[in-house]
Every structure is written in structure tokens, then in C-alpha cells.
Amino acid sequence: VETVERIRKNVNNKSTLEQFNILQESVQSKRVIKIPVIHQGYRSFLDVSEIVAFEAQGSYCKIYLMSDESYLVSKKIKYYEELLEDLDDFFRSHKSWIVNFNFIKHYSKSNQEILMSLGIKAKLSRYRAVEFEQAMEHS
């Protein structure tokens with residue numbers, strides 16, 4: 001509450017106001033609804049429900065969206081894993097991948113691969129396969 005009040009007092013530009021509104025919406029719903037990303041010098045707000053998958057690329061992370069757009073951001077995949085840990089739709093299938101269950105077409109345990117919407121092929125760790133199947137049943 002104190003943080004929200006402090007931000008409210010310091011709102012003095014459109015970007016900060018937009019961030020504040022998203023933060024307030026997330027706090028009220030107790031869910032992450034949108035995530036801010038900086039891509040090619042621009043700040044964007046991505047709707048979590050439109051995210052197909054996250055792919056680690058070193059110190060960066062590539063975010064794939066249903067609109068067939070992708071964003072390369074300078075955050076590690078662990079940041080997004082922690083940010084989305086309360087959402088049942090997302091699962092860390094591999095050290096390099098977080099997938100959204102809503103966009104899975106099929107998966108192959110033997111090939112250790114998950115085929116996502118838009119033809120994206122995510123990896124499935126053999127160590128996470130059983131947990132993945134259990135999470136699939138509950139999603």
C-alpha cells in the first residue's frame with residue numbers, strides 16, 4: 001500500500017502512469033496481468049495471456065507472442081519464472097524454456113520436445129517430464 005501511494009505521488013509522465021495502472025490492476029487482482037519489457041529502446045507492456053513461451057538465450061530472454069511477434073529482452077529466464085510462479089498456465093519445461101499450457105499443440109517425451117502454436121519447438125527436460133505431465137492434467 002505504501003509503495004502504491006509513493007508511486008501515485010510521483011506519477012508525472014505517461015509511461016509512469018501506465019506502469020502504475022498495470023501495477024494497481026495486478027495488485028487488485030493478485031495476478032500478473034501484463035509484464036513490462038524494454039525492447040529496442042522502447043517500453044512495451046505484454047499481456048501475459050498472449051505469451052506462448054520464453055526461451056533463454058544467455059543473459060537474454062526471447063518472448064514469443066501469439067501475434068507472431070517476439071521480443072528479445074535483457075532479463076534472464078529465472079526472472080520470468082519467479083514473476084509467473086503463481087500462474088498455473090506457465091511451466092519451466094527445460095533450463096532454457098518456459099511454456100504456456102494454453103498454446104501447446106502436442107509433446108513428445110521420447111523426443112523431449114513440445115510443439116507450441118506458431119510452430120515453436122520448446123525443449124522438455126527428461127528430469128521435468130513427469131512433473132510436466134502432471135501439470136498438464138491440472139491445467
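For this chain, numbers begin at 1 and follow the sequence in order.
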TODO: Evaluate ring-ring contact (aromatic ring centres under 6.0 Å, His included) for Y64 paired with F54, printing each intermediate quantity in order.
DONE: CA-CA 6 Å; Y64 297 94; F54 297 85; 9.2 Å; no
- [ ] Any chance you could lay out the side-chain contact (heavy atoms from CB on, under 4.5 Å) test for W97 and R92, step after step, and finish with the verdict?
- [x] CA-CA 6 Å; W97 286 90; R92 181 86 181 253; over 6 Å; no
TODO: Please step through side-chain hydrogen bond (donor to acceptor under 3.5 Å, both in side chains) for the pair N102 and D89, ending with a clear verdict.
DONE: CA-CA 7 Å; N102 296 316; D89 295 342; 3.3 Å; yes
- [ ] Evaluate the criterion ring-ring contact (aromatic ring centres under 6.0 Å, His included) for residue pair Y71 and Y42; output intermediate values, then yes/no.
- [x] CA-CA 11 Å; Y71 291 80; Y42 294 97; over 10 Å; no
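Atoms OH and CE, from Y107 and M116 in turn, are 13.5 Å apart once rounded to the nearest 0.5 Å. Taking OG of S70 as the start and CD1 of I51 as the end, the distance is 12.5 Å to the nearest 0.5 Å. Here the CG atom belonging to N100 is positioned 11.0 Å from the CG atom belonging to D88, to the nearest 0.5 angstrom.
Residues I35 and V48 meet the side-chain proximity criterion, which asks for heavy atoms closer than 4.5 Å. Within the 4.5 Å cutoff, side-chain heavy atoms of Y80 are placed close to those of K75. At a threshold of 4.5 Å between non-hydrogen side-chain atoms, the residues K76 and S59 count as touching. Between F132 and Y127, every side-chain heavy-atom pair lies at or beyond the 4.5 Å cut-off.
Put simply, the side chain of S44 never gets that close to the backbone of V37: no donor and acceptor are under 3.5 Å apart. A donor-acceptor pair is defined here as one N or O able to donate and one able to accept, closer than 3.5 Å; such a pair exists between the side chain of S93 and the backbone of K123. The main-chain N or O of K34 is never found under 3.5 Å from a side-chain atom of D47 such that the two would form a donor-acceptor pair. Remark: side-chain polar atoms of N111 are not paired, donor with acceptor, to backbone N or O of E113 under 3.5 angstrom.
When the side chains of ILVMFWY residues are joined at heavy-atom separations under 4.5 Å, either directly or via intervening members, L65 and I104 end up in two distinct hydrophobic clusters. In terms of hydrophobic clustering, with Ile, Leu, Val, Met, Phe, Trp and Tyr side chains grouped at heavy-atom distances under 4.5 Å, F91 and M66 are assigned to a common cluster. Connection of L83 to L87 is established within a shared hydrophobic cluster, with ILVMFWY side chains joined at heavy-atom distances below 4.5 Å, either directly or through further cluster members. Grouping the Ile, Leu, Val, Met, Phe, Trp and Tyr side chains by contacts below 4.5 angstrom, directly or via other members, places F103 with L118. L46 and I38 are not part of a single hydrophobic cluster, where members link through side-chain heavy atoms under 4.5 Å apart.
At a threshold of 4.0 Å, the pair E133-K109 counts as salt-bridged, since one of the basic side-chain nitrogens sits closer than that to a carboxylate oxygen. Salt bridge K62/E55: absent, no basic N to carboxylate O contact under 4.0 Å.
Residues V99 and A122 share a closest heavy-atom pair of CG1-CB, 3.6 Å. L115 approaches K121 most closely through the heavy-atom pair CD1-CG, 4.0 Å. Residue I77 comes nearest to K95 through the heavy atom pair CG2-O, 3.9 Å, listed as atom of the first residue, atom of the second, then distance. Closest heavy-atom contact between Q57 and L72: OE1-CD1, 3.4 Å.
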